[in-house]
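What follows is a short report on a single structure.
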Amino acid sequence: SMTDVLNHYGFVPSRYGRIPCPLHHGRDKNFSYKQKSFKCFVCGKSGSPIDFVMHLFGISFAQAVERINSDFRLGLSMERPSDADLTALREKQRKEREEKERWESIAKQLAAEHLYWHEISVHFAPIRPATYGEAYVHPLYAEAVKKLPYIEYLIEEHDKKRR
């Protein structure tokens with residue numbers, strides 16, 4: 001963030017997001033910043049934390065990224081991945097996306113089935129208890145009473161596997 005970058009390079013951020021411009025060594029608080037951007041209303045420079053480091057040290061984009069990586073100990077690799085690595089990464093991302101879509105499809109099916117059987121259980125529930133012998137229980141109600149706990153179990157297991 002801009003606050004982290006300013007702190008690291010020796011500039012004291014204010015709680016109002018305005019300080020004297022470190023790029024043109026201004027005296028008034030013309031340098032405004034937020035978490036991901038800055039703008040000086042005098043020298044006109046603006047951009048991201050990377051742009052700030054570029055302007056502050058007069059270096060290129062790649063050098064600024066390397067400097068931030070080093071100064072903040074981010075541990076990012078500056079090497080370009082090989083075509084094989086990129087292909088493997090894309091394949092992994094594709095498989096993860098397909099797996100996510102499959103799980104979402106299963107969740108939708110389980111939710112729809114749960115709703116169906118819940119509505120059946122409400123609609124066909126016995127109205128009054130039997131006074132003589134057994135009450136009539138509609139076969140769909142009996143089926144719903146059997147299936148709902150199992151569907152709820154499947155939903156819980158599905159949620160556990162997704163976490």
Side-chain angles (χ1 to χ4, degrees), residues 1-122 144 147-163:
S1 72
M2 275 306 300
T3 306
D4 293 335
V5 169
L6 290 170
N7 269 329
H8 186 79
Y9 295 117
F11 305 103
V12 180
S14 76
R15 65 182 186 183
Y16 302 109
R18 293 182 74 99
I19 61 173
C21 182
L23 302 177
H24 76 268
H25 309 294
R27 292 185 184 168
D28 297 323
K29 295 182 177 183
N30 295 318
F31 184 88
S32 174
Y33 64 92
K34 295 181 181 176
Q35 285 297 75
K36 297 181 181 180
S37 64
F38 74 92
K39 176 165 181 63
C40 176
F41 295 102
V42 174
C43 67
K45 292 180 180 164
S46 64
S48 69
I50 296 172
D51 295 314
F52 176 77
V53 173
M54 287 171 56
H55 293 305
L56 184 64
F57 297 106
I59 56 180
S60 70
F61 179 84
Q63 290 170 323
V65 170
E66 283 185 38
R67 175 133 193 187
I68 291 171
N69 185 29
S70 173
D71 290 348
F72 287 87
R73 295 183 178 96
L74 299 178
L76 303 174
S77 172
M78 300 309 286
E79 296 178 16
R80 187 179 187 114
S82 69
D83 288 342
D85 290 341
L86 287 174
T87 302
L89 177 63
R90 286 187 192 113
E91 182 64 20
K92 179 183 173 193
Q93 290 171 339
R94 184 189 62 78
K95 286 181 181 179
E96 288 172 353
R97 186 175 56 252
E98 288 175 354
E99 184 72 10
K100 181 181 177 189
E101 289 169 359
R102 189 174 76 78
W103 280 106
E104 287 173 355
S105 173
I106 290 169
K108 285 179 185 177
Q109 290 171 352
L110 286 172
E113 191 168 351
H114 186 272
L115 178 63
Y116 172 78
W117 287 111
H118 175 73
E119 288 176 354
I120 292 288
S121 72
V122 170
K147 286 194 175 202
L148 278 171
Y150 180 66
I151 294 169
E152 290 166 358
Y153 164 78
L154 290 176
I155 290 171
E156 286 177 20
E157 289 301 308
H158 176 265
D159 287 344
K160 285 180 189 175
K161 288 181 182 178
R162 286 296 295 152
R163 290 183 208 147

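No hydrogens, no waters, no symmetry mates; every other heavy atom, side chains included, goes into these values.
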Audit row: V12, I19, side-chain contact (heavy atoms from CB on, under 4.5 Å) steps and yes/no: CA-CA 8 Å; V12 180; I19 61 173; over 6 Å; no
With no hydrogens and no angle check, is any side-chain donor or acceptor of [X] less than 3.5 Å from a backbone partner on [Y]?
X	Y	value
T87	D83	yes
N69	G75	yes
E113	L110	no

Side chains of [X] and [Y]: closer than 4.5 Å at any heavy-atom pair?
X	Y	result
F41	K39	yes
Q35	S1	yes
E66	S70	no
S37	S46	no
Y9	R67	yes
V53	V5	yes
L115	E119	yes
M2	F31	yes

Could you walk me through whether Y153 and L148 pass side-chain contact (heavy atoms from CB on, under 4.5 Å), step by step? CA-CA 9 Å; Y153 164 78; L148 278 171; over 6 Å; no
Do the charged groups of E98 and K95 touch, with an N to O distance under 4.0 Å?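 Looking at E98 and K95, the cut-off is not met.
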Within the supplied structure, the quantity of interest is the number of heavy atoms (other residues, nucleotides, ligands) at a distance under 6.0 Å from R73 CZ; does it exceed 12?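 No, the 6.0 Å shell around CZ holds no more than 12 heavy atoms from other groups.
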Atom CZ of residue position R94 - does it have more than 12 heavy atoms of other residues, nucleotides or ligands inside 6.0 Å?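 More than 12 within 6.0 Å, yes.
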Quick check for you: to the nearest 0.5 Å, what is the distance between [X] atom [atom1] and [Y] atom [atom2]?
X	Y	atom1	atom2	result
R90	R97	CZ	CZ	11.5 Å
E152	E157	CD	CD	13.0 Å
N30	L23	CG	CG	12.0 Å
D28	R18	CG	CZ	10.0 Å

Could you walk me through whether H114 and Y116 satisfy the side-chain contact (heavy atoms from CB on, under 4.5 Å) test, starting with their C-alpha distance in whole Å, then the side-chain angles of each, then the deciding distance to 0.1 Å, before giving a yes or no? CA-CA 5 Å; H114 186 272; Y116 172 78; over 6 Å; no
I need the minimum non-hydrogen distance between [X] and [Y], along with the two atoms involved.
X	Y	result
P13	L6	CG-CB, 4.2 Å
A144	I120	CB-CG2, 4.0 Å
A64	M54	CB-CG, 3.5 Å
I68	P49	CD1-O, 4.3 Å
Q63	S60	OE1-N, 2.9 Å

Check the angle between the aromatic planes of F38 and H55 and answer parallel, tilted or perpendicular using the 30° and 60° thresholds.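 Ring orientation, 0 to 90° scale: perpendicular.
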Passes side-chain contact (heavy atoms from CB on, under 4.5 Å), C40 versus H24? Steps please. CA-CA 9 Å; C40 176; H24 76 268; 3.3 Å; yes
Given the side-chain rings of Y33 and F52, with only the six-membered ring counted for Trp, is the space between their centroids under 6.0 Å?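 No, too far apart.
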Show, in sequence, the C-alpha distance, side-chain angles and deciding distance for E156 and K160, and conclude whether the salt bridge (Lys or Arg N to Asp or Glu O under 4.0 Å) test is met. CA-CA 6 Å; E156 286 177 20; K160 285 180 189 175; 5.3 Å; no
